[in-house]
Amino acid sequence: MSLVSARDLRKSYGLGASSVEVLHGVDLDVAEGEFVALMGPSGSGKSTLLNLIAGLDRPSSGELTVADARLATMGAADLARWRGRHIGFVFQLYHLMPTLTAAQNVEVPLLLSGLDRARRQRQVQIALDVVGLSHRNDHKPAQLSGGQQQRVAIARAIVTDAPLLVCDEPTGDLDRASADEVLDLLGAFNRDHGKTIVMVTHDPAAAARATRRLHLDKGRVVDASQVH
Ligand SMILES: Nc1ncnc2c1ncn2[C@@H]1O[C@H](COP(=O)(O)OP(=O)(O)O)[C@@H](O)[C@H]1O
Ligand SMILES: [Mg+2]
C-alpha cells in the first residue's frame, strides 16, 4: 500500500511574472515500509518536495495523498493536527530549541497529544533511550555534539510513533562516525519498527542504506538507476 502518492505535483514560488516553478509535475509512490533516498543537485527542489510530503507547505497543483490524507485540500489547523500524528521530521541542522533540555525538546511534539505529564515523560525516556542518550536528559543543545543533537532530534521525530519519517540531509553536517550512528538508527527504525522513511541526501553512504534511490531531475522524480 502506498503511504505517499503524488500525481503531477507542481510547486511554484513567487507571484505573477516573477513566479518560478520548482517542481514540474512530480509523480511518486512510496510504499509502507520503504526507505527511500532522494538525491539531486542543490536547488533542484528536494527540500521543497519533502516539505510538501510532510505537510509543511502546500503544492501549487496536483494530487498528494500521504497516510490516507489528501494534503492539497486540507485547512491549516487540520494539517497541523495530521502532521503531529503522522510525520516525524529530521532536519540537517537539528532545529532543537536552544533554551530547552534534551528531554524537553523531545517532549515538544507530545504537548498537543493530550497525554498526561507522566505518560509524556515515559515516552520521552523511551525515545531518548532508543537513541542512546538517556544519560543526557538535562543537557541543553549547546552542551551536546552535533551527532548527539541529531540523535535528540531523531528521538523527537519518533516520540509520537509517527509512521513516516521525513529527513532532510540528516547527516549533512556530521562527521563520518556520527553520520553512521544516525544512519544505523534510521535503518533500525525502518527494518525493526516498520517506519517508512523518505530521506534527502548527498551522501552516497547514506543513500546506500536506503531500499530505493530516486533522483530529482529537472523538477521531476526519476529512478536513480535511470540517471546517467
Ligand atoms: N520559500 C521560497 N521562496 C522562494 N523560492 C524558494 C523558496 N524555497 C525554495 N526556493 C527556491 O526553490 C528552488 C529549490 O529549492 P530547494 O527545494 O530548497 O532545493 P534543494 O533542497 O534541492 O537544494 C531553489 O531555486 C530555491 O531558491
Ligand atoms: Mg534542501
Side-chain angles (χ1 to χ4, degrees), residues 3-30 34-66 71-72 74-76 79-80 83 87-96 146-147 149-151 153-154 156-157 162 164-176 178-179 182-183 185-186 196-210 212-228:
L3 193 64
V4 178
S5 173
R7 289 291 171 272
D8 197 23
L9 202 61
R10 289 168 189 274
K11 177 67 180 177
S12 304
Y13 291 113
L15 291 174
S18 65
S19 165
V20 176
E21 192 175 80
V22 176
L23 300 178
H24 304 312
V26 164
D27 292 314
L28 172 67
D29 281 285
V30 178
E34 277 198 288
F35 181 175
V36 170
L38 179 64
M39 295 170 286
S42 185
S44 61
K46 302 181 299 297
S47 295
T48 298
L49 178 56
L50 271 199
N51 290 344
L52 295 182
I53 291 171
L56 290 168
D57 200 359
R58 288 156 182 291
S60 303
S61 69
E63 287 286 322
L64 178 61
T65 306
V66 182
L71 300 191
M74 272 162 73
L79 202 54
R83 204 166 51 230
I87 303 292
F89 211 115
V90 180
F91 302 90
Q92 178 174 359
L93 293 174
Y94 331 125
H95 287 213
L96 299 175
Q149 289 184 65
Q150 193 60 304
R151 285 191 280 149
I154 289 173
R156 180 181 58 186
L164 177 61
L165 299 183
V166 175
C167 309
D168 197 349
E169 304 197 35
T171 62
D173 218 53
L174 301 179
D175 60 64
R176 187 72 263 157
S178 301
V182 161
L183 293 168
L185 284 170
L186 294 179
T196 305
I197 302 180
V198 180
M199 172 180 71
V200 165
T201 189
H202 286 295
D203 174 5
R209 304 287 193 112
R212 187 156 61 108
R213 280 154 290 280
L214 299 173
H215 205 95
L216 198 55
D217 190 36
K218 301 188 183 71
R220 293 195 177 81
V221 168
V222 295
D223 198 295
S225 58
Q226 298 165 10
V227 175
H228 306 291

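Computed from heavy atoms alone, side chains included, the values below leave out hydrogens, waters and symmetry copies. Atoms within each ligand, like the ligands themselves, are counted from 1 in listed order.
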| task | May I ask you to identify the nearest protein heavy atom to atom 12 (O) of ligand 1, giving residue, atom name and distance to one decimal place in Å? | result | Val22 CG2, 3.3 Å

| message | Side chains of Thr48 and Tyr13 only: does a donor on one sit below 3.5 Å from an acceptor on the other? | response | yes

| field | Atom pair CE (Met199) and CG (Leu165), whose distance is rounded to the nearest 0.5 Å | value | 11.0 Å

| note | For Pro41, the atoms of ligand 1 under 4.0 Å from one of its heavy atoms are 22 (O)

| How far is atom 3 (N) of ligand 1 from its nearest protein heavy atom, and which residue and atom is that? | Tyr13 CD2, 3.4 Å

| task | Before signing off on this row, confirm whether Gly43 and ligand 1 have an N or O atom pair separated by under 3.5 Å. | result | yes

| said: Please report whether atom 26 (C) of ligand 1 has a protein non-hydrogen atom at a separation of less than 4.0 Å. | reply: no

| Pairwise side-chain contact, His202 with Met39, heavy-atom cut-off 4.5 Å (strictly under) | no

| message | Under a 4.0 Å threshold between the charged nitrogen and the carboxylate oxygen, would Arg7 count as salt-bridged to Asp29? | response | yes

| task | Run the contact test for Ser44 against ligand 1 with a 4.0 Å cut-off on heavy atoms, strictly below, and give the result. | result | yes

| remark: Sorted by chain and number, sequence neighbours left out, side-chain hydrogen bond (donor to acceptor under 3.5 Å, both in side chains) with Glu21 holds for Arg10, His24

| field | Lys11 (side chain) donor-acceptor with Gly45 (main chain) under 3.5 angstrom | value | no

| field | For atom 18 (O) of ligand 1, the protein heavy atom that lies nearest, with its residue and separation | value | Ser47 CB, 3.7 Å

| field | Side-chain donor-acceptor contact under 3.5 Å, Ser178 with Asp175 | value | yes

| field | Contact check: Gln92 to the Mg ion (ligand 2), N/O/S below 2.8 Å | value | no

| About how many Å separate CG of Leu71 and CZ of Arg58, when rounded to the nearest 0.5 Å? | 8.5 Å

| Heavy atom of protein inside 4.0 Å of atom 21 (O) of ligand 1, strictly below | yes

| message | If we set the cut-off at 4.0 Å for heavy atoms, which region of Thr48 has an atom near ligand 1: side chain, backbone, both, or neither? | response | both

| message | Quick test of your reading of the structure: of Gly40, Gly14, Gly45, whose heavy atom lies closest to atom 19 (O) of ligand 1? | response | Gly45

